[in-house]
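Position 1 is the first residue of the sequence; numbering continues from there.
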Amino acid sequence: MNTTPQPDPRDRPARLTVGVVGAGRVGPALAASLQMAGHRPVAVSAVSDASRRRAGQMLPDVPVVPPAEVLERSELVLLTVPDDALPELVAGLAETGAVCPGQLLAHTSGRYGAKVLDPALRAGALPLALHPAMTFTGTPVDVQRLAGCSFGVTAPDELRLAAEALVIEMGGEPEWIAEENRPLYHAALALGANHLVTLVAQSLELLRTAGVGAPDRMLGPLLGAALDNALRSGDAALTGPVARGDAGTVAAHVAELRRHAPGTVAGYLAMARATADRALAHGLLKPELAEPLLGVLAGPSDAAGGTGDTPGDTT
């Protein structure tokens with residue numbers, strides 16, 4: 001066993017001073033990860049009490065200051081605000097003269113590439129889009145989850161090495177996304193990750209309603225296996241009554257959902273239609289079974305059963 005004392009990361013010469021604008025769930029975790037790599041967080045902006053607490057937990061002793069002061073103190077600035085707030089923030093910082101020439105300005109939006117930073121680029125900043133493809137909790141566990149996490153990266157060619165280096169120092173894997181493909185890239189991630197949470201939460205609620213005492217224990221192995229199979233085999237992993245063409249079973253599902261959880265019907269029908277289309281296209285669903293199944297799935301889909309052609313239809 002090696003008993004040689006290991007150097008504290010805080011004792012290493014810092015290469016960049018790091019600031020965070022927006023102490024949501026993402027920014028403090030990335031800054032803490034960069035600190036472990038030898039960089040030095042020096043400032044963070046936070047508005048709400050929750051964000052201030054998060055900054056204090058993840059970045060202790062780092063002062064909370066206004067955004068303009070974050071930029072003034074930092075060589076690398078992480079802009080970690082909601083997507084819709086990013087363009088206005090960048091424009092405001094550039095217009096007020098807060099951007100420093102030669103400053104690395106990195107946002108973490110999945111939707112936007114580097115062009116959203118053009119106002120800052122004209123002020124002399126070096127623009128980077130570094131989006132971690134990970135869900136965040138706002139707790140120290142997020143730093144550990146960055147190990148092996150893919151980052152969607154968009155940057156000018158001359159900053160490619162800098163972008164890659166920062167991602168690797170945070171424990172991530174850079175994946176280059178063309179500027180014009182950022183919205184599609186982000187939609188793909190949201191479709192998989194965000195909607196998965198909704199589907200799992202609905203499944204948990206329905207299992208509780210059905211009398212299952214530990215729905216999380218029941219779902220865990222099943223969903224884990226389904227995810228592994230899907231990642232390995234894609235559409236070949238499709239299974240269940242829709243892929244088999246069991247129209248009667250699907251009809252029973254819809255009837256029970258209308259009775260116990262009408263708010264889930266629209267989502268069930270939409271996902272079942274998509275599943276049927278994919279199963280049919282890949283030869284898993286027999287054509288002769290597809291017609292009655294699609295007939296079941298063509299029914300009204302809102303909570304009251306009234307989004308069909310006939311207003312108020314409840315059949």
Can you find a pair of side-chain heavy atoms, one from [X] and one from [Y], that are under 4.5 Å apart?
X    : Y    : value
L86  : R111 : no
L34  : L78  : yes
L146 : F136 : yes
H131 : T154 : no
E69  : P63  : no
P132 : V26  : yes
H39  : E169 : yes

Identify the heavy atoms of [X] and [Y] that sit nearest to each other, and give their distance.
X    : Y    : value
L76  : A106 : CD1-CB, 4.3 Å
A114 : P127 : O-CB, 4.3 Å
V242 : L293 : O-CD2, 3.4 Å
A32  : L59  : N-CD2, 3.8 Å
P140 : M58  : N-SD, 3.4 Å
V65  : A43  : CG2-CB, 3.8 Å

Please confirm whether the backbone N or O of [Y] pairs with a side-chain atom of [X], one donor and one acceptor, at under 3.5 Å?
X    : Y    : result
T80  : G22  : yes
R208 : P215 : no
D142 : G138 : yes
T17  : R40  : no
R54  : A23  : yes
Q103 : S74  : yes
N229 : A225 : yes
S33  : M170 : yes

| query | Does a sphere of radius 6.0 Å around CD in E175 hold more than 12 heavy atoms from other residues, nucleotides or ligands, not counting ones at 6.0 Å or beyond? | reply |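 Count not over threshold, so no.
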| said: So for atom CD, which belongs to E88, do other residues, nucleotides or ligands contribute more than 12 heavy atoms lying within a distance under 6.0 Å? | reply: no
Using atom types as modelled, flag every donor-acceptor pair under 3.5 Å from a side chain in residues 279-290 to any protein atom, sequence neighbours excluded.
| residue | atom | partner | partner atom | Å |
| --- | --- | --- | --- | --- |
| H282 | ND1 | R278 | O | 2.9 |
| H282 | NE2 | D235 | OD2 | 3.2 |

| For I168, which fellow cluster members are found when Ile, Leu, Val, Met, Phe, Trp and Tyr are connected by side-chain heavy-atom distances below 4.5 angstrom, either directly or through intermediates? |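 In the cluster with I168 there is nothing else; it is isolated.
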| ILVMFWY cluster membership beyond M218 - transitive side-chain contacts under 4.5 angstrom | L196, V200, L204, L207, V212, L219, L222, L223
Tell me whether [X] shares a hydrophobic cluster with [Y], the cluster being built from Ile, Leu, Val, Met, Phe, Trp, Tyr side chains joined at under 4.5 Å.
X    : Y    : result
L189 : M134 : no
V99  : L104 : no
Y185 : L128 : no
V44  : L166 : yes
V70  : V18  : no

| task | Could you check W176 against R160 for side chain to side chain contact (heavy atoms under 4.5 Å, CB included), going step by step and ending with a plain yes or no? | result | CA-CA 9 Å; W176 283 88; R160 187 179 182 111; 2.9 Å; yes
| request: May I have the step-by-step check of side chain to side chain contact (heavy atoms under 4.5 Å, CB included) for Y268 and V250, ending in yes or no? | output: CA-CA 10 Å; Y268 180 96; V250 173; 3.9 Å; yes
| query | Going by atom types only, do H107 and Y112 share a side-chain donor-acceptor pair under 3.5 Å? | reply |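 No, Y112 and H107 have no side-chain donor paired with an acceptor closer than 3.5 Å.
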| All side chain to side chain contact (heavy atoms under 4.5 Å, CB included) counterparts of A98, not counting sequence neighbours | A68, L71, L93, T96
| query | Listed by chain and number, what are the salt bridge (Lys or Arg N to Asp or Glu O under 4.0 Å) partners of R25, not counting sequence neighbours? | reply | none
| field | With R182 via salt bridge (Lys or Arg N to Asp or Glu O under 4.0 Å) - residues at least two apart | value |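 Once residues adjacent in sequence are excluded, R182 has no partner under the salt bridge (Lys or Arg N to Asp or Glu O under 4.0 Å) criterion.
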How many angstroms lie between atom [atom1] of [X] and atom [atom2] of [Y], to the nearest 0.5 angstrom?
X    : Y    : atom1 : atom2 : result
E256 : T264 : CD    : OG1   : 11.0 Å
L117 : L79  : CG    : CG    : 6.5 Å
L199 : N194 : CG    : CG    : 11.0 Å
S233 : L238 : OG    : CG    : 10.5 Å

| request: For side chain to side chain contact (heavy atoms under 4.5 Å, CB included), just list the numbers for T249 and R244, CA-CA rounded to whole Å, side-chain angles, deciding distance to a tenth of an Å, and then say yes or no. | output: CA-CA 10 Å; T249 298; R244 290 192 300 266; 5.9 Å; no
| task | Please report the C-alpha distance between V20 and V62 in whole Å, then the side-chain angles of each, then the deciding distance to 0.1 Å, and finally whether the side chain to side chain contact (heavy atoms under 4.5 Å, CB included) criterion is met. | result | CA-CA 10 Å; V20 179; V62 175; over 6 Å; no
